[in-house]
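To start, the structure under review is shown below, and the notes come after it.
Atom set for the values below is all heavy atoms of this structure, side chains included, hydrogens, waters and symmetry mates excluded. Numbers restart at 1 for each chain; the letters A, B, ... are given by sequence-line order, proteins then strands. All values reported here derive from a predicted model rather than from experimental measurement.
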Number of protein chains: 2
Amino acid sequence: MGLHADLREKLISDYGKLSPQMQKAARYILDHPNDVALRSMRALARAADVPPSTVTRLMTAIGVDTWQQFRDHYQNRLLDLPASYANRARETQNVSQDVDRDQHLLESIARTEIDNIDKAFGAELRGRTIDACAAIENARQVFVVGRGAAYPAAYQFAYAYRLFRDNVVLVDGRSGAFGDQLRGINRRDVMIAIGARPYIRDTVRAVDYARSQHCPVIAICDSDVAPIALDAMIKLIVSDKSQSFFQSFTAAVSLVQAIVALLVARGGQKALERIATAEEQLAAFDTYVEDPSPTRNS
Amino acid sequence: MGLHADLREKLISDYGKLSPQMQKAARYILDHPNDVALRSMRALARAADVPPSTVTRLMTAIGVDTWQQFRDHYQNRLLDLPASYANRARETQNVSQDVDRDQHLLESIARTEIDNIDKAFGAELRGRTIDACAAIENARQVFVVGRGAAYPAAYQFAYAYRLFRDNVVLVDGRSGAFGDQLRGINRRDVMIAIGARPYIRDTVRAVDYARSQHCPVIAICDSDVAPIALDAMIKLIVSDKSQSFFQSFTAAVSLVQAIVALLVARGGQKALERIATAEEQLAAFDTYVEDPSPTRNS
DNA sequence: AAAACGGCAAAACAATTGTTTCAAAATGTT
DNA sequence: AACATTTTGAAACAATTGTTTTGCCGTTTT
């Protein structure tokens, strides 16, 4: 019972007292518990980028004698997981109806969000997304506009894009008026405008100005007839359906990330090198805390 | 594609044509599919009471070349990740045409994003999300911290939350130092910290300071042992897996939106009235363009 | 009755597994 | 600076892995 009651909690509580390499292994295990259940110890060590002996040492450090026990624990956990549905049923019975309602609401939100993303990456939009990338690649300067709830998506794009290209302007109206940031915009540039109903006046004004200067517009919005989409070169219509009073910009954020990923993929080696340089700079500025390894997923 | 479409059906349909010993093995596999995923081939053979060679022969008989493939299939089934198979297949498939590659990359991104959101709304996290809401409701002041790529999620929360409550501070370090914005933080407040590897020093510092003032922390991050999660009251671990060099904060954004939606739902009529007031104010400020109808989705 | 055949398990195999050992490297202490 | 301690990764190991080969057994065919 209580012996290995919860191996994960043991791992977390002891984490601070472990040596750096063991922490690395422990962290990988905490983040990828299924790997313990399904893969071999050496494979796990490889994935966690530590020598096999570190894994062994980690096990003895947290009081597990053999990998066999360790693996068994995680296998049982994995087998019990599908049963968690039954657990939830039991839990929600005992507790008040409020919790039950909250659970259902969250489920419903999840479904809606997934649906939104699904549509954003639908067949029709994929082609236009690729077109948008081509336009961005050839642009002299990229202006990104998004206010209010759309601001996160705009920021996201600018932030990621800036890591490998420096010809982006995030038009947030913060530093000076809009006019300042849009100065010099012309037909060789491109503007990415993000927004949904209710349309914020500032964004519409920015788009109108861009069009008046013959700058093509990529509109990420909720309708073909949105003010910012009316004369756009490329329209990327994303669903912003939501369970709450507030429209969801999840799909827009996701789409914007995808555009950046696509640009990097098309940029090839050169783009990757630029990113490496940018990351080095950030590290040099002491932006990050420890952990020199780059963002790498298994 | 359809090659290994469903290995179990293949096993059933071919069952009659198999030799007696192979039937014995096939029958055991059909009855204990998890053994394939979790145990070794020899162990399976032992459990099924057949020699190891029979299992090998069975595999070739049903058109599977190697135990590795067989096991992978059952492991994916156990993880309920039918996508991963298609994933690998398609990725390793053709790198032929650029447009083709772009299309596939987008598809792959979509799957990953959906998977991330799915996990973020999984059974374990739903309960904790509700707990987080309760903590936020009872807090005197809500501080939201998120820098770099996590900033959109932090902004999103602050923006939406402010529409119906005014006790939120978005700690962006823009207006003055962190110290200014965190002044007076104490045990009756709550801090929502958002971040993923690589962890940005500012965010960690803010969390450390909050903890030193005994302010409970809700951590939205990528690991149980992330620096900002280490002593958090509530940990909301979201997957940030991504196809690109850049981790995806889509799930974090989505989760944050869900928290706001939940807070509104729990807030009842009063919250809705406050939102209406806020929207009227915005309209009065001439923020929106035409279209006076409030943000309401069907 | 002899030959041919398919089904079968034991043995053999190279590769990989989990674990231990050991010396170098890194770290902290005097 | 010199020592003691801890941390680390490469090598070594026996055991076990997935797979192939081998030869035996029982049935069928000629």
Side-chain angles (χ1 to χ4, degrees), chain A residues 4 7 11 14-29 32-78 289-293 296 298, chain B residues 4 7 11 14-29 32-78 225:
Chain A
H4 307 146
L7 228 36
L11 224 40
D14 289 11
Y15 185 79
K17 300 176 187 289
L18 295 172
S19 77
Q21 286 297 101
M22 288 197 200
Q23 286 191 2
K24 201 169 167 186
R27 153 136 202 178
Y28 185 89
I29 289 170
H32 308 85
N34 289 336
D35 277 26
V36 179
L38 299 178
R39 308 184 63 187
S40 77
M41 193 218 82
R42 281 179 116 105
L44 180 91
R46 238 173 293 139
D49 192 31
V50 295
S53 31
T54 300
V55 178
T56 304
R57 279 194 276 262
L58 172 63
M59 282 174 355
T60 63
I62 61 170
V64 176
D65 293 326
T66 164
W67 167 261
Q68 192 73 254
Q69 293 177 22
F70 200 68
R71 149 175 279 212
D72 284 353
H73 184 92
Y74 278 86
Q75 289 196 343
N76 289 333
R77 198 194 67 96
L78 184 61
V289 98
E290 56 153 358
D291 211 321
S293 73
R296 191 70 48 87
S298 67
Chain B
H4 309 146
L7 229 36
L11 223 40
D14 289 12
Y15 188 78
K17 300 175 187 285
L18 295 172
S19 74
Q21 284 298 101
M22 288 198 198
Q23 286 191 2
K24 199 171 168 185
R27 151 125 213 186
Y28 185 88
I29 290 172
H32 308 85
N34 287 338
D35 277 26
V36 179
L38 299 177
R39 310 184 62 185
S40 78
M41 193 218 81
R42 284 179 115 105
L44 181 90
R46 236 174 294 136
D49 192 30
V50 295
S53 30
T54 299
V55 179
T56 305
R57 278 194 279 264
L58 172 63
M59 280 173 359
T60 63
I62 62 171
V64 178
D65 292 327
T66 164
W67 166 261
Q68 193 74 255
Q69 292 178 20
F70 200 69
R71 147 175 281 214
D72 283 353
H73 185 94
Y74 278 86
Q75 289 194 345
N76 287 332
R77 203 191 64 94
L78 185 64
V225 290

Quick one: closest heavy-atom pair of B/Ala26 and B/Leu18, and the distance? CB-CD1, 4.0 Å
If the condition is ring pair (Phe, Tyr, Trp, His ring centres under 6.0 Å), which residues does A/Tyr15 pass it with, not counting sequence neighbours? none
Under 4.0 Å from any heavy atom of chain A: name the first and the last nucleotide of DNA chain C that qualifies, 5' to 3'. C/dT17 to C/dT20
With sequence neighbours excluded, what pairs up with A/Thr56 under the side chain to side chain contact (heavy atoms under 4.5 Å, CB included) test? A/Met41
Any protein N or O atoms within reach of nucleotides 25-29 of chain D? Criterion: under 3.5 Å, listing atom names and distances.
none

Who are the side chain to side chain contact (heavy atoms under 4.5 Å, CB included) partners of A/Asp72, not counting sequence neighbours? A/Gln68, A/Gln75
Would you check if the side chain of B/Arg71 reaches a backbone N or O of B/Thr66 as a donor-acceptor pair within less than 3.5 Å? no
Got a sec, which pairs hit ring-ring contact (aromatic ring centres under 6.0 Å, His included) with one end in residues 32-57 of chain B, sequence neighbours left out? B/Tyr28-B/His32
Selected nucleotide, minimal atom distance to B/Arg57 side chain, candidates D/dG9, D/dT21, D/dT19: D/dT21
Which atom names give the shortest non-hydrogen contact between B/Met59 and B/Trp67, and what distance separates them? CE-N, 3.2 Å
What residues, two or more places apart in sequence or in another chain, satisfy side-chain hydrogen bond (donor to acceptor under 3.5 Å, both in side chains) together with B/Asn34? none
Could you check which residues of residues 43-55 of chain B get a heavy atom under 4.0 Å from DNA chain D? Sort them by number, please. B/Arg46, B/Pro52, B/Ser53
Closest heavy-atom pair, A/Pro51 versus A/Gln21, reported as atoms and distance to 0.1 Å, is CD-NE2, 4.2 Å
Salt bridge (charged side-chain N to carboxylate O under 4.0 Å, His left out) pairs, two or more places apart, involving residues 40-61 of chain A: A/Lys24-A/Asp49
Please state how far atom CH2 in B/Trp67 lies from atom P in D/dT20, giving the value in whole angstrom units. 15 Å
Nearest-nucleotide check on DNA chain C, B/Arg42 vs B/Pro20; residue mapping nearer the 5' end is B/Pro20
